[in-house]
Asks: 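Once you've had a glance at the structure underneath, I'll fire off some questions.
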Amino acid sequence: MLTVAALGAGAVASGCASDARNGAGGAHGQPPQLAPPAQALHEYAQRVRANHTARAAAARYWGLSQVPLAAPPPPAVKPRLKTRKGFGVRGHAQLPPVFTTVPTERKVVFLTVDDGAEKDPAFLRMMSDLRIPYTAFLSNYLIKTNYGYFKQMQDRGTALNNHTLNHRYMPDLSYKAQRREICGMQNVIEKRYGKRPELFRPPYGNYDRDTLRAAKSCGIKAVPLWASEGFADRMAWREWDRDLHPGDIILTHFRGSDDWDGSMTDMVRTVMKTVTGRGYAVARLEDYL
Ligand SMILES: [Zn+2]
């Protein structure tokens with residue numbers, strides 16, 4: 001599998017069917033047998049082609065200006081996470097790292113979707129059709145009206161992570177109250193969806209030392225913030241150069257026409273126009289953390 005993963009899709013896709021199959025030729029009308037490495041390459045190439053064809057058709061259907069780029073296979077070794085300069089608290093080395101960009105040289109970015117107010121079925125279909133991975137950070141007071149929507153999301157391969165019970169401004173709360181907000185949401189997600197999150201994002205991106213201590217005590221391993229934000233009609237940037245960088249985390253929200261000048265599917269078109277237009281693929285955050 002290492003060889004397969006190390007090869008680029010282009011190199012794999014050329015000639016595997018003709019060369020390998022002819023060489024291995026099956027006798028007695030059986031399908032030709034390939035040696036295991038060649039078979040693995042062949043299947044990988046078929047998957048790459050099928051994925052691209054599906055993604056191109058989906059891009060047309062959902063009105064994207066360009067076909068989203070496929071993310072490379074997950075890295076064999078996960079990057080070492082470090083807290084971003086200026087984002088640390090006292091004694092941070094013992095606490096979950098806080099970052100806005102994942103250290104990688106690959107042209108990948110990560111999409112994260114917060115809160116849970118809007119529950120647009122078209123968004124689920126669109127992301128599955130386009131095969132764009134994303135990670136959700138959920139607040140219980142918003143998702144409790146329809147836990148089933150997020151179950152469908154999980155069934156489609158999206159990780160459900162912690163964004164507190166009630167979306168309070170954490171630095172105003174005592175350690176105990178912060179712990180209730182974070183551990184409480186861990187319990188809700190575990191009970192409803194069977195898995196205790198490892199990622200936590202504080203509401204508004206605001207936290208103090210108690211927030212990170214509480215998060216750690218609730219089982220949180222990392223605190224991803226964001227480098228840019230996607231809306232239905234525009235992007236907003238944290239960095240002065242107003243650009244994407246390898247490993248950047250993009251924030252957006254489960255919101256619709258009540259808050260935005262557009263829908264969640266408009267938001268996906270806006271974000272992907274920027275991401276694909278600048279030569280980036282969206283990768284799974286969990287593959288890198
Ligand atoms: Zn939020």
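Each ligand, and each atom within it, is numbered from 1 in the order the structure gives. Computed from a predicted structure; not experimentally measured.
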Asks: For residues His167 and Tyr204, establish whether the separation of their ring centroids is below 6.0 Å.
Replies: yes

Asks: Given a threshold of 2.8 Å, state how many protein N/O/S atoms are nearer than that to the Zn ion (ligand 1).
Replies: 3

Asks: Between Ser139 and Tyr141 (side chain of the first, backbone of the second, donor and acceptor by atom type, cut-off under 3.5 Å), is there such a pair?
Replies: no

Asks: I want to check something: taking the side chain as every heavy atom from C-beta on, are Phe137 and Pro224 in contact at a cut-off of under 4.5 Å?
Replies: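 Contact flag for Phe137/Pro224 side chains = yes.
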
Asks: Pair up each side-chain donor or acceptor in residues 278-285 with any protein partner under 3.5 Å, not counting sequence neighbours, and list the distances.
Replies:
unit_1	atom_1	unit_2	atom_2	d
Arg278	NH1	Arg242	O	3.2
Arg278	NH1	Asp243	OD1	2.8
Tyr280	OH	Leu244	O	3.2
Arg284	NH1	Asp287	OD1	2.8

Asks: With a cut-off of 6.0 Å (strictly less than), are more than 12 heavy atoms of other residues, nucleotides or ligands near CG of Asp261?
Replies: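 Open.
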
Asks: Could you check whether Phe200 and Tyr207 have their ring centres less than 6.0 Å apart?
Replies: no

